[in-house]
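Presented below is the structure to which this report refers.
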There are 2 protein chains.
Amino acid sequence: MVRKTLSVKKTAGRGRPSRSEDQPNYKEVILDGAEGLFAQHGFYGVSTRQVAVEAGIDVALVHYYFGTKRGLFDAVFLRRAEILNAARLASLDAYERDNAGALTAEGAIAAFVHPLIDASLTGGPGWKSYFALVAQVNNTPAWGGATMTRFFDPVVHRLIDVLSLALPDAQENELYWGYQFLTGAMTLCLSETGRIDLLSNGACHSNDLEAIRNRLTGYCAAGFRALVESQRPTAAVSPT
Amino acid sequence: MVRKTLSVKKTAGRGRPSRSEDQPNYKEVILDGAEGLFAQHGFYGVSTRQVAVEAGIDVALVHYYFGTKRGLFDAVFLRRAEILNAARLASLDAYERDNAGALTAEGAIAAFVHPLIDASLTGGPGWKSYFALVAQVNNTPAWGGATMTRFFDPVVHRLIDVLSLALPDAQENELYWGYQFLTGAMTLCLSETGRIDLLSNGACHSNDLEAIRNRLTGYCAAGFRALVESQRPTAAVSPT
DNA sequence: GTCTATAACTGGATAGAC
DNA sequence: GTCTATCCAGTTATAGAC
């Protein structure tokens, strides 16, 4: 609580600032605290004061760094989105490169999903908060659709591309519907709400992401194939 | 805005109050307004004052009827949950009765999902708001899991029962995982966030629930079967 | 950069008149 | 039942000292 006003600039003066122990680096500390709180209670359920208390600093500093509360929220959302997008694009690229000619829906979905599961499993608690936040945004009617679009569309279009190579008979709109179902299932799983623990009376656990990893992939891949098989003649390739 | 203080008690004095035009029935009016606002902005994003304005009455009346803001929220959530649960239990019962011996995953899922889609399509705008609300609660880490459990567990267990008849080889935990994926996809679809419209550049529409009806059912049924086929030997029936 | 202090306002909730 | 009036804790945000 009681912070000592340490004016020590930095001790290790080699390379880029290591910022481990010596220097506060409040910007990151604020983001970490805000991330956890927003994930738990949503944008409106958290005050900038709570964020300040969580970070062990004063409210004014929050505004100094991020301007407005919305600015803080966007910064929280953007920070890990950039990391995720890079990891997922690389994963999809690698999958397509290493399996050219033998692409499957399973493989494409796995390349899309596994980076998230890996981050949640090994990236530390901040990632768990982040995924809980994404799940909420994904299900927010007022501005959720637009926000998800703004931050995640490129990587989703990349997934759709790979999927259309794996399922060459698929109509485009079927792939979008399949993705809609996938993202609903995926974001709910990653947010670890504890719902399935209660429902299953302990047989399944929200935080058992290893149990989810292959099940979700196989489930959705089978779903995509079912969509293709019973494809409606909607707006098929109009013959010329 | 300017409400006339009509002290007319009721005109048609036959049977149960008809409450169409003559009598206000503020309790329902408040619930309707609150439902729409909560659906759009979440619990913390709405003030009781906004609810009062929306309903065309004073704040004090909100507290008179519902005590606290949380009490109002719970009342909103409960009102349609009861209707839905009754409809879905009847739907599952009818399906099991009329198809004994030929139960399928498709059929069970359809019986579980169609009442919701029907309500959204033909029940009026209040239902659309309600489903948006459910999607948010389903993805709320702090108290979402517990709330969903409290209101919807019985009907979900009924679905699991019918599914285990349709998929007799399925282990129980696989059915719970399959349901987790199903509910994530379903609640996101029903909340109509507009995300897929933007993503698909107009090829698909969030509000096209008829497009979703059979696709979601087939997708998830195929997913359930995939789970059963690649079943892990976890805690299989221990032989005695 | 970081804090103190405060402006300007909104929040949930209630007491009491009618 | 319904409204007016009000309490006061808590909100975002900023000005200005250090």
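Since the model is a prediction, treat every value here as computed from it, not as a measurement. So that the names make sense, note that chain A is the first sequence line, chain B the second, and so on, each numbered from 1.
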With a cut-off of under 6.0 Å to the ring centre and 45° to the axis, is B:Arg213 in cation-pi contact with A:Trp177? no

Ion pair present between A:Arg88 and A:Asp93, side-chain N to carboxylate O less than 4.0 angstrom? no

Output the rounded distance in Å from CD (B:Gln50) to P (C:dG11). 6 Å

Rounded to whole angstrom units, what separation is found between the CG atom of B:Leu61 and the C1' atom of D:dT4? 13 Å

Tell me whether A:Asp58 is salt-bridged to A:Arg49, with the criterion being a basic N under 4.0 Å from an acidic carboxylate O. no

Does the Lys NZ or Arg CZ of A:Arg215 fall within the cation-pi geometry relative to B:Phe181 - under 6.0 Å from the ring centre and within 45° of the axis? no

In this structure, CZ of A:Arg80 is separated from CG of A:Leu84 (nearest 0.5 Å) by 9.0 Å

Would you please indicate yes or no on a ring centroid separation below 6.0 angstrom for B:Tyr26 and B:Tyr65? no

Do the ring planes of A:Trp127 and A:Tyr130 sit parallel (below 30°), tilted (30 to 60°) or perpendicular (above 60°)? perpendicular

Below 4.0 angstrom, which residues in residues 34-46 of chain B have at least one non-hydrogen atom near DNA chain D? none

Where the side chain of A:Tyr65 is defined as all heavy atoms beyond and including C-beta, which of C:dG1, D:dG1, D:dT11 is the nearest nucleotide? C:dG1

Residues which pass salt bridge (Lys or Arg N to Asp or Glu O under 4.0 Å) with A:Asp32, listed by chain and number, not counting sequence neighbours: A:Arg79

Polar pairs (N or O, both sides) under 3.5 Å between protein and nucleotides 13-16 of chain C?
residue, atom, partner, partner atom, Å
C:dA13, OP2, B:His63, NE2, 3.4
C:dA13, OP2, B:Lys69, N, 2.9

Starting at atom CD1 of B:Ile57, determine the distance to atom C1' of D:dT2, rounded to an integer number of angstrom. 9 Å

